[in-house]
Amino acid sequence: MEDVPTDGRPKYYVLEMFPYPSGKIHMGHVRNYTLGDVVARYKRARGFSVMHPMGWDAFGLPAENAARERGVHPAKWTWDNIANMRAELKRMGLSIDWAREFATCDPSYYGHQQALFTDMLRAGLVERREAYVNWDPVDNTVLANEQVIDGRGWRSGALVEKKKLATWVFRITDEAPELLSALGEMDRWPERVRLMQANWIGRSEGARVRFKLTEGDEEIEVYTTRPDTLFGMSFLAVAAEHPIAAAVAARDPDAAAFVADCQSKGTSEAVLETLEKKGFDTGLQVVNPFTGLSHPVWIANFVLMEYGTGAIFGCPGHDQRDLDFARKYDLAVTAVVLPPGEDAQSFTIANKACDGTGEMINSGFLDGLAPDAARAAAIARLEEIGVGRGVVNWRLRDWGVSRQRYWGCPIPVIHCDDCGVVPVPKSDLPLRLPEDVTFDRPGNPLDHHPTWKHANCPSCGKPALRETDTFDTFVDSSWYFARFCSPLADEPVTRAAVDHWLPVDQYIGGIEHAILHLLYSRYFTRAMRRTGHLSAKEPFAGLFTQGMVNHESYKGQDGRWLYPEEIVRHADGSVTHIDTGETVIVGRIEAMSKSKRNTIDPGAIIQRYGADTARWFILSDNPPERDMEWTESGVLGAYRFTQRLFRLAETAPVGAPGAVPDDFAPAARALRRATHRTIAGVTEALENFGFNVAVARIYEFANALTDAERAGDVAGMAWARAEAFAALARLISPMMPHLAEEIAARLTPGGTLIAQSDWPVADPALLAAESVTIAVQVLGKLRGTIEVAPGAKEEDVLAAAAEEPNVARALDGKRVVKRVYVPNRIVNFVVAG
RNA sequence: GCGAGAGUGGCGGAACGGUAGACGCAGUCGACUCAAAAUCGACCGACUUUGUCAUGUGGGUUCGAAUCCCUCCUCUCGCACCA
């Protein structure tokens with residue numbers, strides 16, 4: 001393996017999202033890696049120098065869970081899983097550069113990650129900051145969000161507390177403007193992924209406004225996107241976590257109870273959706289800087305501390321949530337935007353806020369302006385009187401990467417009493433995880449280890465303590481695509497290799513990673529550019545997101561889930577249990593999951609039918625971006641087709657086809673046209689990710705080959721068939737590589753491997769049909785068809801069309817006012833009378 | 001609630017604005033077989049069948065609409081009650 005090929009072929013980097021080594025591959029992997037392998041094999045055949053690597057996203061919590069539950073060391077568990085899954089992937093017949101393989105849990109990978117981190121630290125991209133974490137007080141451990149269920153720890157059941165910890169954060173918000181604007185040029189990404197990222201980054205323009213409390217010198221700052229509606233203000237509301245709320249709660253037990261109630265509700269979407277808007281009147285008042293009027297300050301459960309300033313001003317006339325809140329607590333509602341067509345005197349707000357366009361009213365110096373202009377004018381005035389300013393607000397928050405876990409990449413810093421935070425010198429990297437750890441008590445084993453965390457300060461040499469946090473595993477997967485370019489290098493990446501291979505030309509994976517993984521990778525690429533490691537602007541030039549693999553689910557009479565292997569489907573459509581004979585309830589078609597027992601083991605499918613069948617079925621079922629249904633009948637159909645192709649190929653002429661004959665009988669010509677139409681059709685389909693269409697073109701071709709076989713040994717047929725089978729082997733090879741090689745080996749024993757031969761090129765002369773069928777319409781309705789030579793003269797076609805008996809009947813007694821003629825396609829007579 | 005996408009036979013789905021339903025699955029009939037499986041062949045949207053109606057609904061643009069535009073309905077996905 002050389003990092004940068006020197007043969008001059010254009011590069012093409014195909015990458016599928018690397019798997020977490022859970023132990024076995026699942027159908028989602030099969031689909032993902034089949035799609036990538038088709039692209040890799042096709043691009044190779046088209047003359048590209050293709051890189052198609054594979055690795056393992058090998059750090060993570062499940063390994064620690066296995067250690068706690070079964071006493072097996074995370075490393076052993078992980079490496080055993082990798083060995084097993086590698087063998088399974090190899091049985092799929094994937095054309096992967098296994099020489100580039102690595103696992104993120106290997107010090108030869110994560111040591112370079114530590115080096116990247118120290119570079120980022122020095123460049124000011126990283127900082128240490130206090131952050132809230134989910135704390136389980138019984139297990140004495142930090143919980144991931146998914147380990148918190150209904151506000152309780154998943155294992156202990158204890159109520160989870162919010163606890164402040166010092167954590168490491170990557171300052172991804174510094175890149176927010178760039179991460180957003182670059183989306184506009186990423187035209188080979190699905191529109192909806194770009195949209196999801198744009199929403200996640202969440203740019204908004206508005207103003208920060210400071211409101212003075214009527215008593216004391218304190219101020220509350222709010223963020224608003226509608227400074228134009230300040231004259232319509234009726235209240236100010238703060239989040240339950242806001243300092244003002246805390247201050248009020250400290251002296252008022254009722255307020256404290258309300259704040260506690262808000263915080264116990266959790267922030268899950270389902271809860272928030274149904275949550276009734278509630279508030280608590282603090283009794284405090286603030287002054288509106290434009291009107292001088294006083295308004296009450298409320299604590300409200302719909303205000304988010306994490307967004308903006310954690311405080312809003314409420315304008316019920318023009319915001320539905322504010323209106324709902326105002327109606328509930330009987331607060332003032334003033335309209336300040338008059339919708340078009342309404343009368344200023346009679347216009348009132350009922351129960352629907354008016355958030356459209358119009359003209360400002362009841363708004364002093366803003367009266368008569370459109371809201372957009374009023375916004376600018378309001379901001380100008382706020383700045384002029386020194387109580388606010390126009391700002392751009394971002395929803396994106398910085399990326400906290402500290403995890404209090406063992407099975408992750410150690411964060412390479414040392415805490416020294418005298419020198420503060422000191423990075424571990426690069427000469428001491430990789431900073432390895434200790435292997436002799438125990439999982440017999442809760443918490444982070446790194447922290448419990450008797451010696452590991454004790455080190456001398458690299459700066460002053462005095463005894464100091466290592467950081468015992470490890471990185472979020474999203475860090476591991478944020479640069480692995482770059483490491484693949486030079487996986488053995490003794491630096492994170494080699495400049496020549498990454499600058500040659502990046503960006504990834506085609507990245508393929510699940511939509512579930514549309515936001516975090518892809519955004520973090522985009523950020524890391526920028527961070528690596530700023531620290532001089534590469535020059536690519538974006539990591540993934542092309543992105544394809546595949547759908548899920550679903551399957552029917554089954555239940556017994558008692559409601560227990562049944563495995564597909566446990567059921568029998570009868571000719572009359574009924575379904576029963578294979579052993580007990582009881583009637584089985586056929587449930588929904590849904591995502592394969594262990595709990596519903598509707599999983600299909602790829603290993604068993606490959607063993608029974610072969611990898612080609614599994615690949616073929618998964619490609620044939622439907623367009624790859626949609627969810628597919630795995631069906632037993634569909635697999636059987638795919639299997640039968642592989643057998644049929646093999647039988648067909650057994651009849652193929654053996655040996656080189658020889659010189660092109662002078663004469664082809666009609667059946668031989670028809671076969672040659674089918675061959676070249678198939679070449680063109682499959683090529684176009686593969687270029688466009690239309691794998692199901694490519695499969696259909698191959699089916700049609702097989703039918704044409706069957707027809708040709710029946711025609712017998714007419715003039716030129718032997719040659720046409722040799723040409724056809726050679727094309728067949730090549731065209732199916734990206735999808736069914738094993739069968740393709742078998743067929744090719746039969747055609748020319750001892751010849752070159754299909755995988756090393758070029759993609760066929762369609763002969764344009766053979767793409768044109770010998771005659772074309774022209775549809776003849778009268779007034780847009782089909783009345784008949786005629787056969788003409790391609791490129792026949794318009795007047796001849798029109799004459800023939802008019803004479804077609806059915807058309808002639810439709811035209812009888814009518815006056816033709818217009819004749820539409822689309823060459824080789826259609827004639828339309830427009831008639832009157 | 002907001003945003004995006006999608007609605008085509010029993011099913012999965014084809015279809016540069018130009019013969020809707022390619023191809024497959026399921027199904028029906030036939031051949032082969034003692035029989036079954038496999039294989040091969042034919043059929044396979046609906047109906048009141050010289051034809052009519054059909055691509056979620058109702059409009060529009062066009063000689064012509066599954067395709068373009070608007071209305072509404074349903075489903076899926078994503079999300080952030082984001083001020």
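Numbers restart at 1 for each chain; the letters A, B, ... are given by sequence-line order, proteins then strands. Everything quoted here is computed from the prediction, not taken from an experiment.
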When every non-hydrogen atom of A:Pro190 is compared with those of A:Leu543, the smallest separation belongs to CD-O, 3.4 Å
Would you mind telling me which of [options] lies closest to the side-chain atoms of [X]?
X: A:Ser204; options: B:C53, B:G18, B:A83; value: B:A83
X: A:Arg640; options: B:A38, B:C63, B:C23; value: B:A38
X: A:Leu195; options: B:A26, B:C63, B:G3; value: B:G3
X: A:Asn301; options: B:A83, B:C40, B:C81; value: B:C81
X: A:Gln777; options: B:C25, B:G18, B:U50; value: B:G18
X: A:Ala696; options: B:G18, B:A83, B:C23; value: B:C23
X: A:Arg825; options: B:C63, B:G18, B:C25; value: B:G18
X: A:Tyr699; options: B:C79, B:C23, B:U39; value: B:C23
X: A:Met196; options: B:A83, B:U19, B:G78; value: B:G78
X: A:Ile515; options: B:G18, B:C23, B:C79; value: B:C79

Mind checking A:Val830 for me? I need base, sugar-phosphate or nothing, with any heavy atom below 4.0 Å counting as a touch. sugar-phosphate
Across the strands shown, which category fits A:Arg783 at heavy-atom distances under 4.0 angstrom: base, sugar-phosphate, nothing? sugar-phosphate
[M] and [N], which share atom name [atom1], separated by this distance in whole Å:
N: B:A15; M: B:U8; atom1: C1'; answer: 10 Å
N: B:A42; M: B:C34; atom1: P; answer: 25 Å
N: B:A22; M: B:U55; atom1: C1'; answer: 15 Å
N: B:C70; M: B:C53; atom1: P; answer: 28 Å
N: B:C25; M: B:G13; atom1: C1'; answer: 11 Å
N: B:U48; M: B:G59; atom1: P; answer: 26 Å
N: B:C23; M: B:A14; atom1: C1'; answer: 7 Å
N: B:A66; M: B:G7; atom1: C1'; answer: 11 Å

Interface polar pairs with nucleotides 12-14 of chain B, N/O, under 3.5 angstrom:
{"residue": "B:G12", "atom": "O2'", "partner": "A:Asp621", "partner atom": "O", "Å": "2.6"}
{"residue": "B:G13", "atom": "O3'", "partner": "A:Asn692", "partner atom": "ND2", "Å": "3.3"}
{"residue": "B:A14", "atom": "OP1", "partner": "A:Asn692", "partner atom": "ND2", "Å": "3.4"}

5'-to-3' dot-bracket of RNA chain B (Watson-Crick, G-U; under 3.5 angstrom; crossing pairs as [ ]; | other strand): (((((((..(((.....[....))).(((((.......))))).(((...)))..(.(((..]....))).))))))))....
Any side-chain heavy atom of A:Phe235 within less than 4.5 Å of one from A:Asp322? yes
Residue-phosphate contact under 4.0 Å: A:Asn703 side-chain N/O, B:G24 OP1/OP2: yes
Where the chi angle of B:G5 falls, syn if within 90° of 0 and anti if not: anti
Can you give the donor-acceptor pairs under 3.5 Å from side chains of residues 693-702 of chain A to other protein atoms, not counting sequence neighbours?
{"residue": "A:Arg697", "atom": "NE", "partner": "A:Glu700", "partner atom": "OE1", "Å": "2.9"}

Hey, mind stepping through A:Lys818 and A:Val820 against side-chain contact (heavy atoms from CB on, under 4.5 Å) and telling me if it holds? CA-CA 7 Å; A:Lys818 187 175 176 185; A:Val820 178; 4.3 Å; yes
Rounded distance in Å - CG (A:Leu636) to P (B:A37): 14 Å
Spacing between A:Asn806 atom CG and B:U19 atom P, to the nearest angstrom: 17 Å
salt_bridge(A:Glu191, A:Arg194) N-O dist < 4.0 Å: yes
